[in-house]
Amino acid sequence: MTWAHRLVQWFGENQRVMPWRSDPQPYYVWVSEVMLQQTQVDTVIPYFQRFLTRFPTLKSLADADQQEVLKAWEGLGYYSRARNFHKAAKHVVEKLNGVIPGTYEELQTLPGIGPYCGAAICSIAFGAPVPVVDGNVLRVFARFWGITDDIRLPKVRIAMFDRLMPVIAEHPPSMFNQAMMELGALICKSSQPLCQKCPLNTNCYAYLNNETKTLPYKSSKPAVPHYEIAVGVIWQNDKLLIARRKEDQMLGGLWEFPGGKRREDETFSEAVFREVLEETGLTVAVGELFATVRHAYTHFKITMYAYHCQVISGEAAANCSDEIQWISPSELEKYPFPKANKHVIDQLLNGALCQQLLELR
């Protein structure tokens with residue numbers, strides 16, 4: 001029995017139960033693969049189920065307003081995935097008669113679908129013999145074949161794709177691809193791989209040569225910068241101001257409280273005053289700090305400091321955003337916010353200072 005046969009057999013006996021595996025319709029597979037990019041399975045499952053309850057068909061997704069889609073995605077992160085998925089759904093419905101393309105090449109013409117996602121969808125949903133090469137697969141086969149090159153390099157990914165092509169052609173593509181990814185997730189882990197349980201151990205270079213700790217080789221990422229962000233929760237009577245980020249910005253389409261990076265020569269209160277004036281045209285009295293939130297993105301980290309503010313003068317304008325709204329605290333739940341802002345909202349709604357402010361109105 002070849003190593004590939006053993007791998008597929010192992011998967012058949014050990015695969016985890018996942019809702020998209022039980023009914024691998026193209027739309028379901030597409031939803032799952034978009035969500036699984038940069039996100040763990042356990043996190044994805046409840047989002048997948050809620051998303052399909054809200055958007056049970058591709059057409060229902062295409063017909064939805066982007067704000068509805070972002071709200072359904074809220075908390076999952078990497079929001080460009082949701083925006084691109086929505087755009088792609090509209091394209092398929094409007095230009096392709098609602099039929100999801102079934103080939104590797106055609107899928108990659110859609111917004112948000114690259115080589116990995118295209119390979120996963122076409123193999124799992126349509127049975128096309130195209131190998132997936134994600135982080136799990138790179139780790140598994142760098143160890144299995146003894147690849148010592150930096151797995152961050154595109155040439156390594158391309159070479160592995162080419163080497164796996166003739167192998168997947170001889171096996172059920174859906175089973176083979178999912179087996180590779182499952183092996184990386186459950187057995188061939190980054191640290192402390194379970195080599196004794198691995199169906200490939202008799203042929204694995206790293207296992208046979210005691211190099212599972214040195215392979216794969218992955219170059220270090222550059223140091224992650226940290227930014228201090230000051231935001232203002234701006235009150236006018238019983239309403240507060242929120243702004244919708246521009247489409248071409250990071251977190252585009254999501255709502256936030258006005259604010260930005262603190263400069264080295266200013267206090268947090270001064271930063272709030274300046275940012276609010278620049279972004280909205282409002283002059284505000286900056287009150288007390290009521291929330292401090294630490295959050296990590298892919299390429300940087302932030303600490304967000306949130307202050308209550310009262311309008312002194314001016315008319316609110318969307319100087320740096322696509323839209324602004326005055327809303328009551330009870331309406332905050334209707335709008336999609338980034339995770340850091342959601343933490344601010346939690347402290348806002350639960351805070352004694354907020355209750356005192358509301359009681360005075």
Side-chain angles (χ1 to χ4, degrees), residues 3-24 28-49 51 75-78 81 113-125 129-147 151-152 156-157 160-161 163-164 167-168 171-207 211-218 221 296 298:
W3 66 262
H5 279 100
R6 294 200 305 274
L7 175 63
V8 172
Q9 183 181 65
W10 171 86
F11 178 70
E13 296 170 354
N14 295 276
Q15 62 178 292
R16 290 171 290 179
V17 176
M18 300 177 188
W20 48 87
R21 282 180 174 166
S22 61
D23 188 10
Y28 296 175
V29 173
W30 191 0
V31 173
S32 69
E33 290 302 331
V34 173
M35 288 187 171
L36 285 165
Q37 295 174 45
Q38 306 289 336
T39 309
Q40 294 183 342
V41 168
D42 289 345
T43 301
V44 165
I45 288 175
Y47 275 94
F48 174 85
Q49 293 168 330
F51 196 86
L76 197 54
Y78 301 95
R81 296 180 298 175
I113 296 186
Y116 162 73
C117 196
I121 295 169
C122 76
S123 62
I124 298 171
V130 182
V132 296
V133 183
D134 69 347
N136 281 324
V137 173
L138 282 166
R139 182 171 61 258
V140 167
F141 287 98
R143 285 171 173 165
F144 183 69
W145 284 322
I147 297 170
I151 62 170
R152 292 192 192 277
V156 175
R157 188 179 297 268
M160 195 172 290
F161 179 92
R163 195 166 177 177
L164 287 167
V167 182
I168 195 173
H171 299 85
S174 175
M175 291 283 285
F176 183 79
N177 273 340
Q178 292 185 83
M180 290 194 297
M181 294 186 285
E182 196 82 330
L183 190 73
L186 300 181
I187 302 295
C188 195
K189 301 178 181 181
S190 296
S191 59
Q192 299 182 328
L194 306 177
C195 296
Q196 295 295 332
K197 296 182 178 181
C198 180
L200 308 186
N201 59 15
T202 55
N203 302 99
C204 178
Y205 173 91
Y207 177 66
E211 291 190 27
T212 55
K213 292 183 179 179
T214 57
L215 292 176
Y217 169 65
K218 191 175 185 180
K221 287 185 177 180
T298 307

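Atoms considered below: every heavy atom in the structure, side chains included; atoms not considered: hydrogens, waters and symmetry mates.
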> Is Tyr78 close to Met35 at the side-chain level, that is, under 4.5 Å between some pair of heavy atoms?
no
> Side chains of Asn14 and Ile187, heavy atoms from C-beta outward: is any pair under 4.5 Å?
no
> Could you label the plane-to-plane angle of the His171 and His5 rings as parallel, tilted or perpendicular, counting under 30° as parallel and over 60° as perpendicular?
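Taking His5 first and then His171, their aromatic rings stand perpendicular (interplane angle over 60°).
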> Does any pair with a residue in residues 36-45 pass side-chain hydrogen bond (donor to acceptor under 3.5 Å, both in side chains), and if so which ones, sequence neighbours excluded?
Thr39-Arg81
> Would you call the rings of Phe144 and Phe141 parallel, tilted or perpendicular if under 30° counts as parallel and over 60° as perpendicular?
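Ring orientation of Phe144 relative to Phe141: perpendicular.
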> Is a side-chain donor or acceptor of Asn177 paired with a backbone partner of Ala120 at a separation under 3.5 angstrom?
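No, because the side chain of Asn177 does not come within donor-acceptor range (under 3.5 Å) of the backbone of Ala120.
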> For the residue pair Cys188 and Arg143, establish whether any side-chain heavy-atom pair is separated by less than 4.5 Å.
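Of all side-chain heavy-atom pairs linking Arg143 with Cys188, at least one is under 4.5 Å.
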> Is the shortest side-chain heavy-atom distance between Ile147 and Leu215 below 4.5 Å?
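Answer no - side chains too far apart.
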> Identify the two heavy atoms, one from Ile45 and one from Pro19, that lie closest to each other, and give their separation to 0.1 Å.
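Reported closest heavy-atom pair: CG1-CD, 4.1 Å.
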> Can you see which heavy atom on Met160 is nearest to which on Val133, and at what distance?
SD-CG1, 4.3 Å
> So, taking the atom named CD1 in Ile121 and the one named CD1 in Ile113, what distance separates them when rounded to the nearest 0.5 Å?
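Taking CD1 in Ile121 and CD1 in Ile113, the distance rounds to 4.0 Å.
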> Just so I know, are the side chains of Phe176 and Phe11 near enough to count as touching, which here means a heavy-atom distance under 4.5 Å?
no
> Please tell me if the side chains of Val130 and Ile168 come closer than 4.5 Å, counting only heavy atoms from C-beta onward.
no
> Could you grab the distance from atom CG of Leu194 to atom CG of Asn201, nearest 0.5 Å is fine?
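Atom-to-atom, Leu194:CG and Asn201:CG are 11.5 Å apart.
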> Do Leu138 and Arg157 come close enough that some side-chain heavy atom pair is under 4.5 Å?
yes
> Does atom CD of Gln192 have more than 12 heavy-atom neighbours, drawn from other residues, nucleotides or ligands, at distances under 6.0 Å?
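For Gln192, atom CD is not crowded (no more than 12 foreign heavy atoms under 6.0 Å).
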> Stepwise, does the side chain to side chain contact (heavy atoms under 4.5 Å, CB included) test hold for Ser32 with Val44?
CA-CA 8 Å; Ser32 69; Val44 165; 5.5 Å; no
> Quick one: which of Tyr47, Phe51, Trp30, Phe48 gives a ring pair (Phe, Tyr, Trp, His ring centres under 6.0 Å) with Trp20?
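Considering Tyr47, Phe51, Trp30, Phe48, a ring pair (Phe, Tyr, Trp, His ring centres under 6.0 Å) with Trp20 is found only for Phe48.
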> To check you understand the geometry: which heavy-atom pair defines the closest contact between Ile151 and Ala142, and what is its length?
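The answer is CG2-CB, 4.1 Å.
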> Measure across Ala119 and Ser123 and return the closest heavy-atom pair with its distance rounded to 0.1 Å.
O-OG, 2.7 Å
> How far apart are the closest heavy atoms of Val132 and Met180, and which atoms are they?
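Looking at all heavy atoms of both residues, the shortest contact is O-CE, 3.6 Å.
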> Identify the two heavy atoms, one from Tyr207 and one from Cys195, that lie closest to each other, and give their separation to 0.1 Å.
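Between these two residues, the closest heavy atoms are CD1-CB, 3.4 Å.
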> Mind checking whether Trp3 and Tyr205 have ring centres under 6.0 Å apart?
no
> Would you say Arg139 and Lys218 make side-chain contact, with heavy atoms under 4.5 Å?
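No. Closest side-chain heavy atoms not under 4.5 Å.
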> Rounded at 0.5 Å granularity, tell me how far CG in Leu7 sits from SG in Cys198.
8.0 Å
> Report the residues that fulfil salt bridge (charged side-chain N to carboxylate O under 4.0 Å, His left out) with Glu182, sequence neighbours left out, ordered by chain and then residue number.
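Listed in chain order: Arg16, Arg21.
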